[in-house]
Amino acid sequence: MCSGSELISILEEKKAVLTIFPNPAKDVIRIKNSSNLDLFVQIKSISGKMASSFKINSKEEFMFDCSKLPAGLYILSTQFESYKILITN
């Protein structure tokens, strides 16, 4: 059985922090993973169509080329949270 402090520690380890910029984006989106966890990312159109999926390692930054995506609203999701991004090509 976990004590209260062990449970908090486990929950803090699972907290993921992404920085996504620029938003709105035209050519490239920079996605910075400042968590201690590798993150699995999916980008889907607002209608649910998969645009891309990839992994961002812990403490790394990923450059996503969005220049070939149609303009519109997209959802960027990890296993922990989701973000809205706007592509303005």
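Throughout, numbering of the chain's residues begins at 1 and tracks the sequence. Quantities reported herein were computed from a predicted structural model and do not represent experimental measurements.
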request  = Mind listing the closest non-hydrogen atom pair of S58 and S35 along with its distance?
outcome  = OG-O, 3.3 Å
inquiry  = Within the structure provided, determine whether F64 and L76 are in side-chain contact (heavy-atom separation under 4.5 Å).
reply    = no
request  = Kindly write out the residues that satisfy side chain to side chain donor-acceptor pair (under 3.5 Å) with S52, not counting sequence neighbours, or none if the list is empty.
outcome  = none
Non-neighbouring partners of F40 that pass side-chain contact (heavy atoms from CB on, under 4.5 Å), sequence neighbours left out = K55, Q79
query = Are side-chain heavy atoms of Y74 and I87 found at a separation under 4.5 Å?
reply = yes
query = When I56 is tested against each of D38, L37, V41 for side chain to side chain contact (heavy atoms under 4.5 Å, CB included), which residue passes?
reply = V41
task = Please examine the side chains of L39 and F54, heavy atoms only from C-beta on, and report whether any two atoms are closer than 4.5 Å.
result = no
Name the atoms and distances for all side-chain donor-acceptor pairs under 3.5 Å in residues 18-29, with sequence neighbours left out.
from, atom 1, to, atom 2, distance (Å)
N23, OD1, L86, N, 3.0
N23, ND2, K84, O, 2.9

Derivation of the side-chain contact (heavy atoms from CB on, under 4.5 Å) call for K59 and N33 = CA-CA 5 Å; K59 306 289 184 189; N33 177 4; over 6 Å; no
message = Test of understanding: with side-chain contact (heavy atoms from CB on, under 4.5 Å), list the residues that count as partners of S34, not counting sequence neighbours.
response = V17
ask   = Which ILVMFWY residues can you reach from I46 by hopping between side chains whose heavy atoms are under 4.5 Å apart?
value = L73, I75
inquiry  = I need the minimum non-hydrogen distance between K68 and D65, along with the two atoms involved.
reply    = NZ-OD2, 4.1 Å
task = Could you tell me which residues satisfy side-chain contact (heavy atoms from CB on, under 4.5 Å) with K49, sequence neighbours excluded, listed by chain and number?
result = S45, S47
Shortest non-hydrogen contact between C66 and N89, atoms and distance = O-ND2, 2.9 Å
